Each structure stands twice: as C-alpha cells, then as structure tokens.
A.B. asks: 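Sharing a structure with you now.
Owing to the predicted nature of the structure, the values given are computational and were not obtained by experimental measurement.
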Amino acid sequence: MALTSVSISFSFSTLLLTSAPFQTSEYKLWGDLRGSKGPVSAATFTNNLSMVLIGGDDGHVRVYSTKDLSSLQTLYNKMWGKVTTLTCLTINAAGNKVDMTELWVIPPMADAISASLKSFGAGSQNILLTKIENGEILCIDAQTSNQLWQKHLTSAIGHAALSPGEDLLFTHNLTQGHFQLHQFPGTPAKAIPGVMSTWHRIIQGVFAEEGKIIVCSSNHGTVYMVDMATREILQKLSGSGLMQVIAVAKLCKSDY
C-alpha cells in the first residue's frame, strides 16, 4: 500500500508527499496546495480519502482533491475563530463537497489551545482531545459531547496521535522538543531517538502504514520516517522551513 502525507510549512504552502505508487518504498513530493491566508494548524482526510481539509489562523477550512490537488471548497463559520484542530466525520463525502455538519472544528479554548482531535473506539463513538499548555488529555462522547475521562501529562503537548490498534499514544513533548510514545490510555513515555526540534515550536507526528512507521515533522525542513519496531529512522524527506502539520492516508491502486 502507498501512503499519502500532508506536510504544511509555516510559509502557508502545503506540501503533499506520497510514495511512488506500488513501485518503491521511497516517498517523494507530489504537489503544492495553496490558498490559506495565515499559518496552517490542522489537516485531515475525508474517510473515503478523496479530499484533504486544511484549517488555520484565517478561520477557514479549505478542501482539496487528492487526485489532482485542485481546490474544491472553502468552509467558514464566524464562531470558529482560528481553526487549531479539525477532523472530518464524513463516511463518504457526496461528490466533491463536504457537509459542514460532518466537521468537528475546535477553536482556541479559554484555558488552553487544543493540540489534536481524534475519533476512536468501536464505531468511533469517542473523541480524544489534547490541549497544549496544560498537558491535558480528554475523552469526549462523540454523540453527546459529554466528557468521559481526563488525564494530565507532566509536560506540555505539541501534538498527539493514536495508533491504529488504539494501544499507543504518540505525542510531541513541547517542553523538551522530542517525540515520545505512551501506553494508551496510560501515561508512561519513551522518547523517539534522533528526531528533535531545535527550538520550541509545535510540530506533528502520525502513525502510518498500519502503525508500522511514524511520520514526524520538524522545525528545520525535514520529515522523518521512523520504524516502529526498531525506532530507527528509515528515511528523511527534505522540505523548506517549518514542516509543522502532518496527515496521512492509505490509498489503494484504484485511487490513482
């Protein structure tokens, strides 16, 4: 299977990175998405992988085609403010449009900025929300929005990702500048060696290839592919500037 990764630089351009279809394990630059009028903070794919959604400081969510990278739609709600966290609940987006009722958009909160938003559990009935400043992790019922439980990490959270098996939580330690793994929903952490940011800036990392690798962004123009079994760096992708936001999706041959 091939993997598609979105990495967004601080210069507001969006780099779409993908593997060469079913011919090599190497990843390459696919294209460049533009349109955001401010820093980009969130990226996610629709569940049918036909579209990628981008949100950020300008308060808009922009929708692009994953087939030809064309701009399809711009969504806006004056209640959002800056879009810091975004996920799409659409199972099969109709045509080339996303229904705004199928979005979870989390603007900055009174006590902290949200770092990530992930659905999990049977039928994706729960939402995992992490906050930057206070290291808080919340579990929210997706149907009722009621809080089910909360935990606190000892350091600030730059980003968090849940493994496909929902047994590992991968976080960016904003205080120390490295990525680390936790047993989920427990909190003991092990650092990922060799992947560091050189100054305090929020960067993201995600699980890919069915949890076999982790894709890590950085503040110095490099995207790292890390083997989960050995914790070794498999490949480095070169970009420019701050590679801040990452989203991944597995594509089939019919998607090309």
A.B. asks: Using only atom types and a distance under 3.5 Å, with no angle test, would you say the side chain of S163 pairs donor to acceptor with the backbone of D167?
C.D. replies: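 Here the side-chain-to-backbone pair exists.
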A.B. asks: Minimum heavy-atom separation for Y76 to G59, with atom names?
C.D. replies: CD1-O, 3.4 Å
A.B. asks: Could you give the distance from CE (M225) to NZ (K236), rounded to the nearest 0.5 Å?
C.D. replies: 13.0 Å
A.B. asks: When rounded to the nearest 0.5 angstrom, what is the spacing between NE2 in H159 and CZ in F179?
C.D. replies: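 These two atoms lie 8.0 Å from each other.
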A.B. asks: Determine, step by step, whether E136 and H152 satisfy the side-chain contact (heavy atoms from CB on, under 4.5 Å) criterion, reporting the C-alpha distance in whole Å, the side-chain angles of both residues, the deciding distance to 0.1 Å, and the verdict.
C.D. replies: CA-CA 4 Å; E136 187 176 21; H152 284 85; 3.7 Å; yes
A.B. asks: When rounded to the nearest 0.5 angstrom, what is the spacing between CG in L181 and CG in L169?
C.D. replies: 8.5 Å
A.B. asks: Could you pull out the closest heavy-atom pair between I214 and C216, with the gap in Å?
C.D. replies: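 The pair with the smallest heavy-atom distance is CG2-SG, 3.7 Å.
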A.B. asks: What do the steps show when you test Q183 against L168 for side-chain contact (heavy atoms from CB on, under 4.5 Å), and what is the final call?
C.D. replies: CA-CA 5 Å; Q183 291 294 324; L168 292 173; 3.5 Å; yes
A.B. asks: Can you tell me how far the CD1 atom of I157 sits from the OG1 atom of T175, to the nearest 0.5 Å?
C.D. replies: 9.5 Å
A.B. asks: May I ask you to decide if G121's main-chain N or O and E166's side chain share a donor-acceptor pair within less than 3.5 Å?
C.D. replies: yes
A.B. asks: Do L174 and S155 come within less than 4.5 Å of each other through their side chains, counting heavy atoms only?
C.D. replies: no
A.B. asks: Evaluate side-chain contact (heavy atoms from CB on, under 4.5 Å) for K131 paired with L138, printing each intermediate quantity in order.
C.D. replies: CA-CA 8 Å; K131 299 180 181 180; L138 302 177; 3.7 Å; yes
A.B. asks: Would you say the side chain of I137 lies within less than 4.5 Å of the side chain of W149, judging by non-hydrogen atoms?
C.D. replies: yes
A.B. asks: Using 0.5 Å steps for rounding, measure from the SG atom of C139 to the CD1 atom of I127.
C.D. replies: 9.0 Å
A.B. asks: So do the side chains of I54 and V63 get within less than 4.5 Å of each other, counting heavy atoms only?
C.D. replies: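 They are not in contact (no side-chain heavy atoms under 4.5 Å apart), so the answer is no.
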A.B. asks: Under 3.5 Å, is there a donor-acceptor pair between the side chain of S70 and the main chain of S65?
C.D. replies: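 Such a contact is absent between S70 side chain and S65 backbone.
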A.B. asks: Give a yes or no on whether the backbone of M51 and the side-chain of T46 come within a donor-acceptor separation of less than 3.5 Å.
C.D. replies: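 Yes.
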A.B. asks: Give me the atom names and distance for the closest heavy-atom approach of A208 to V215.
C.D. replies: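 Nearest heavy atoms, A208 then V215: CB-CG2, 3.9 Å.
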A.B. asks: Show your reasoning for whether side-chain contact (heavy atoms from CB on, under 4.5 Å) applies to F184 and F120.
C.D. replies: CA-CA 12 Å; F184 181 77; F120 72 101; 4.0 Å; yes
A.B. asks: Taking all non-hydrogen atoms of both residues, which atom of A161 and which atom of G205 are closest, and how far apart?
C.D. replies: CB-O, 3.5 Å
A.B. asks: Kindly say whether S36 contributes a backbone atom to a donor-acceptor pair with the side chain of D58 at under 3.5 angstrom?
C.D. replies: no
A.B. asks: If I compare all heavy atoms of M228 with all of F207, which pair ends up nearest, and what's the gap?
C.D. replies: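 Nearest heavy atoms, M228 then F207: SD-CE2, 3.9 Å.
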A.B. asks: With rounding to the nearest 0.5 Å, note down the distance linking CD1 in I213 to CD in Q235.
C.D. replies: 8.5 Å
A.B. asks: Below 4.5 Å, heavy atoms only, C-beta onward: do I192 and Q180 meet side chain to side chain?
C.D. replies: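 A side-chain contact is absent here, since even the closest heavy-atom pair is not under 4.5 Å.
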A.B. asks: Are any side-chain N or O atoms of T44 and backbone N or O atoms of L53, one a donor and one an acceptor, separated by less than 3.5 Å?
C.D. replies: no
A.B. asks: Treating R62 as the side-chain partner and G35 as the backbone partner, does any N or O pair qualify as donor plus acceptor under 3.5 Å?
C.D. replies: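 Checked: pair present.
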A.B. asks: Nearest heavy-atom pair of W80 and L75: which atoms, and what distance?
C.D. replies: CZ3-O, 3.6 Å
A.B. asks: Check whether any side-chain N or O of T66 sits under 3.5 Å from a backbone N or O of S50 as a donor-acceptor pair, and report yes or no.
C.D. replies: yes
A.B. asks: State whether the side chain of Q125 and the backbone N or O of A122 hold a donor-acceptor pair below 3.5 Å, judged by distance alone.
C.D. replies: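 Pair found, side chain donor or acceptor close to backbone of A122.
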A.B. asks: Partners of Q147 by side-chain hydrogen bond (donor to acceptor under 3.5 Å, both in side chains), sequence neighbours excluded?
C.D. replies: Q150
A.B. asks: Answer yes if the side chains of T171 and H182 hold a donor-acceptor pair under 3.5 Å, and no otherwise.
C.D. replies: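 Side-chain D/A pair, T171 to H182: present.
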